[in-house]
Amino acid sequence: MWKRFLSAISIIALFYLIATQTPLERWIFQYEENPAESYKLVNQIQVVSDKETAETVKELENGQKKIAEKKHKNKSIPTRLELPSIHVSAQINKVGLAPNGAMDTLDGPTLIAWYQFSSIPGQEGNAILAGHRDWEGQLGTLFYLERMELGDELIITFEDGHTETFELVSNNLYPETDVPEHVMDLNGDSRITVITCAGTFNKQTGHYDSRVVGVFQKINE
C-alpha cells in the first residue's frame, strides 16, 4: 500500500514539475526570437538562478543593443529634460539593465536616466526616462510628476543642441507590482514614458509601493 501511495505522489510531483516548467520553457523560446521586447521578459528572468539571471540579462541587453544601434544611427541622443509646469530642469544620462534585469537607475536626486536601448525621444517607439522621487532626504527631480496635468510640456535638449517639445497625454499611478506591460514596451507609436516612485515608502523593502507613469507625445508643429 505504501509503495502505491509513494508511486502516486511521485507521479503527481512529476506532473506538477512539467506543468510549472512549461511556461518558462515557452518564454525562453520567445526570448530567443524576440530578445528586445521586454517588460514581461525583464520580470520573468528573476525567477531563475543568479547565474542564469546574469547570463540572461546580458543576452537580453546585447539583443536590445543591436536593435538600438540601428535605430539610433546618425541621430543625436537626449541630454537634458525640462518640465516647466513643475520647475524641473535636469541632466539626462543613459543607463542599461541592472543585474536583476530591471532598468538601471542613477544615484542622486537630480539626474534623469534614459534607457539607452529604448527609442530616442521623438523617434518611432517608446523612449523611457526615469528619475527619483526623493533621495536620502532630498526631493528628487520627479517628486511632483504626479501633479502634472494633461497638456503640460516636456522639453528635450539633444546632444547637437536642438530641442523638441512634447505634451503630457496620460499620467497614471500604478501599484509597484502591477505596472502594465505596455509601460516598458519598446515598440509602437512615438512617445516618451517618464517613470518615478510614489505612494507609501516601505522601510523594510526600501521601496515605494507605487509608480507614476507619465506619457508624452510630440507637439505637431
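For clarity, every value in this text was computed on a predicted model and none was experimentally measured.
- Closest heavy-atom contact between L186 and F117: CD1-O, 3.8 Å.
- The heavy-atom pair separating S118 from A127 by the smallest distance is OG-CA, 3.7 Å.
- Under the 4.5 Å side-chain criterion, counting only non-hydrogen atoms from C-beta, L142 is in contact with I112.
- Residue F166 holds its CZ atom at 10.0 Å from CD of Q217, rounded to the nearest 0.5 Å.
- With sequence neighbours excluded, the residues satisfying side chain to side chain donor-acceptor pair (under 3.5 Å) with Q91 are N93.
- Both V194 and F143 are members of a single hydrophobic cluster when ILVMFWY side chains are connected at heavy-atom separations under 4.5 Å.
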Mind listing the side-chain donor-acceptor pairs of residues 128-139 below 3.5 Å, one per line with the distance, residues two or more places apart or on another chain?
residue: H132; atom: NE2; partner: L106; partner atom: O; Å: 2.6
residue: R133; atom: NH1; partner: E146; partner atom: OE2; Å: 2.7
residue: D134; atom: OD2; partner: Y208; partner atom: OH; Å: 2.3

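- Residues satisfying the ring-ring contact (aromatic ring centres under 6.0 Å, His included) test with F158, not counting sequence neighbours, are H162.
- Remark: N202 engages Q204, T205 in a side-chain contact (heavy atoms from CB on, under 4.5 Å) (not counting sequence neighbours).
- The side chain to side chain donor-acceptor pair (under 3.5 Å) test applied to H87 returns no partner, not counting sequence neighbours.
- Nearest heavy atom pair, residue L168 against residue E149, reads CD2-O, 3.3 Å.
- S190 places a side-chain N or O within 3.5 Å of a backbone atom of Q123 that can act as its donor or acceptor partner.
- In this structure, CD in E82 is found 9.0 Å from OG1 in T165, a value given to the nearest 0.5 Å.
- For the atom pair OG (S210) and CG (D178), the distance works out to 10.5 Å, reported to the nearest 0.5 Å.
- Under the side chain to side chain donor-acceptor pair (under 3.5 Å) criterion, T193 pairs with N126, sequence neighbours left out.
- Atom CG of D189 sits in a sparse spot, with 12 or fewer heavy atoms from other residues, nucleotides or ligands closer than 6.0 Å.
- Taken to the nearest 0.5 Å, the CZ atom of F216 stands 13.5 Å off from the CZ atom of R191.
- Looking at residues two or more places apart in sequence or on another chain, you find no side-chain contact (heavy atoms from CB on, under 4.5 Å) involving E124.
- Inter-residue side-chain proximity for V179 and M184 is flagged as unmet; no heavy-atom pair is nearer than 4.5 Å.
- Taking H72 as the reference, W114 meet the ring-ring contact (aromatic ring centres under 6.0 Å, His included) condition, with sequence neighbours excluded.
- Distance alone, capped at 3.5 Å, is enough to place a donor-acceptor pair between the T141 side chain and the T110 backbone.
- In this structure, T196 has no side chain to side chain donor-acceptor pair (under 3.5 Å) partners at least two apart in sequence or on a different chain.
- For the pair I192 and I156, the minimum side-chain heavy-atom distance is below 4.5 Å.
- In this structure, L173 is a member of the same hydrophobic cluster as Y144, with clusters built from ILVMFWY side-chain heavy atoms closer than 4.5 Å.
- S85 meets the side-chain contact (heavy atoms from CB on, under 4.5 Å) test with M148, D152; sequence neighbours excluded.
- Cluster annotation: V88 and L150 are assigned to the same hydrophobic cluster (Ile/Leu/Val/Met/Phe/Trp/Tyr, side-chain heavy-atom contacts under 4.5 Å, transitive).
- Listed by first and then second residue, the salt bridge (charged side-chain N to carboxylate O under 4.0 Å, His left out) pairs involving residues 66-81 amount to none (not counting sequence neighbours).
- Residues Y174 and I195 are members of one and the same hydrophobic cluster, defined by side-chain heavy-atom contacts under 4.5 angstrom among Ile, Leu, Val, Met, Phe, Trp and Tyr.
- Residue pairs satisfying the ring-ring contact (aromatic ring centres under 6.0 Å, His included) criterion with at least one member in residues 91-112, sequence neighbours excluded, are absent.
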*asked:* Applying side chain to side chain contact (heavy atoms under 4.5 Å, CB included) to I77 and Q116, what does each step give before you reach the verdict?
replied: CA-CA 9 Å; I77 64 172; Q116 62 180 313; over 6 Å; no
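- The distance from atom OH of Y115 to atom CG of D104, rounded to the nearest 0.5 Å, is 10.0 Å.
- Atoms CG and OG, on N74 and S76 in that order, are 11.0 Å from each other to the nearest 0.5 Å.
- Side-chain atoms of N171 come within 3.5 Å of backbone atoms of L145 as a donor-acceptor pair (strictly under, hydrogens ignored).
- Proximity of L81 to L154: side-chain heavy atoms (C-beta onward) are separated by under 4.5 Å at one or more points.
- Scanning all heavy atoms of the two residues, the minimum distance from V57 to P99 falls at CG2-O, 3.5 Å.
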